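Letters go in sequence order (proteins before strands), and every chain restarts at 1. Here the structure is a predicted model, which means the values were calculated and not measured.
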2 protein chains.
Amino acid sequence: MGVSKKEHFTNEQTTLAEQAKAIAHPARIAILQHLLKTKTCICGDLVEVLPLAQSTVSQHLKVLKKVGILKGSIEGAAICYCIDPVVWKSIKSAFQEFFADLNECNNSNCC
Amino acid sequence: MGVSKKEHFTNEQTTLAEQAKAIAHPARIAILQHLLKTKTCICGDLVEVLPLAQSTVSQHLKVLKKVGILKGSIEGAAICYCIDPVVWKSIKSAFQEFFADLNECNNSNCC
DNA sequence: AAAATATATCGCAAAATTACGATGAATTAG
DNA sequence: CTAATTCATCGTAATTTTGCGATATATTTT
């Protein structure tokens, strides 16, 4: 439903899920990869790079902004987007931590 | 819409997005954390741990199975689920690689 | 064989996601 | 000041996600 029962899960679980969700779309991954590649903060060039309408790209940017991965600054009539290094590293750590805990179960004892 | 225009994105982008999507729910993160903690492959104990109906848990398990993170083996009347170490490490690597590329943009040059 | 247990799947409803065109707001150019 | 550019937001439609109860299937127990 989407009535996602947040209350019953820990903040850590909810947060990690939200961060994963922000990345869970090819277009948003493409946006991030593009921003990573061209360090120069791109704005609406993204619309030309992506196979999506301007309004759709704007929506994806909004999603990434909401989680904090992106921040935008006004650059004349245009807007300059770039990755927030702090948030980026924070998310990176969260995922690393999550994926780190697989030591025991080395395809021998289980299933 | 969900009419996600897969065609226009690379396989890498689509795959990473799908993997992120599989993790993008508190319940599924809780499932994975539980399986990571109790190395003994749990089955329907998950239903008791999670604040969700049996059918709902089964659906989440299906999602994780579809991406390959989980595999299940029949254990009498019950079914034993556990994390597939190979897939797990593969996803771990994919995320690590994705998050690795933030060297230049150290909160100085951009936004 | 019948009852109990464990899971999966079906059918449904509510909500969220994705996408687009159209419109609005702000800035720059003429 | 007006026209053009850039981006965000609105309204809408198709699809997907999430969740539950009910039901189906398989296994074990009695």
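- Without hydrogens or angle criteria, B/E97 side chain to B/A94 main chain gives no donor-acceptor distance under 3.5 Å.
- Remark: the backbone N or O of B/K89 is paired with a side-chain donor or acceptor of B/S93 at under 3.5 angstrom.
- Considering only side-chain N and O atoms, A/K21 lies nowhere under 4.0 angstrom from the phosphate OP1 or OP2 of D/dT17.
- To the nearest 0.5 Å, the span separating CG on A/L64 from NE2 on A/H25 amounts to 11.0 Å.
- Distances from the side chain of B/S55 to the nucleotides C/dA19, D/dG19, D/dG21 place D/dG21 closest.
- Mapped onto DNA chain C by nearest heavy atom, A/R28 and A/G76 fall at different nucleotides, with A/R28 at the one closer to the 5' end.
- Distance CD1 (B/I74) to P (D/dA26): 10 Å, rounded to an integer number of Å.
- Ring orientation note: the planes of A/F99 and B/W88 are tilted relative to one another, at an angle of 30° to 60°.
- Contacts between residues 62-70 of chain B and DNA chain D, counted as heavy-atom distances below 4.0 Å, involve no residue at all.
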Review item, nucleotides 3-7 of chain C N/O atoms under 3.5 Å of protein N/O:
| unit_1 | atom_1 | unit_2 | atom_2 | d |
| --- | --- | --- | --- | --- |
| C/dT7 | OP1 | B/G44 | N | 3.2 |
| C/dT7 | OP1 | B/I79 | N | 3.1 |
| C/dT7 | OP2 | B/G44 | N | 3.4 |

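- Among all heavy-atom pairs drawn from B/H34 and B/L46, the shortest one is CD2-CD2, 3.9 Å.
- Looking at A/Q59, its side chain comes within 3.5 Å of the base of C/dA19 through a donor and an acceptor atom.
- When distances run from any side-chain atom of A/L61 to the nucleotides C/dA16, D/dC20, D/dA8, the shortest one goes to D/dA8.
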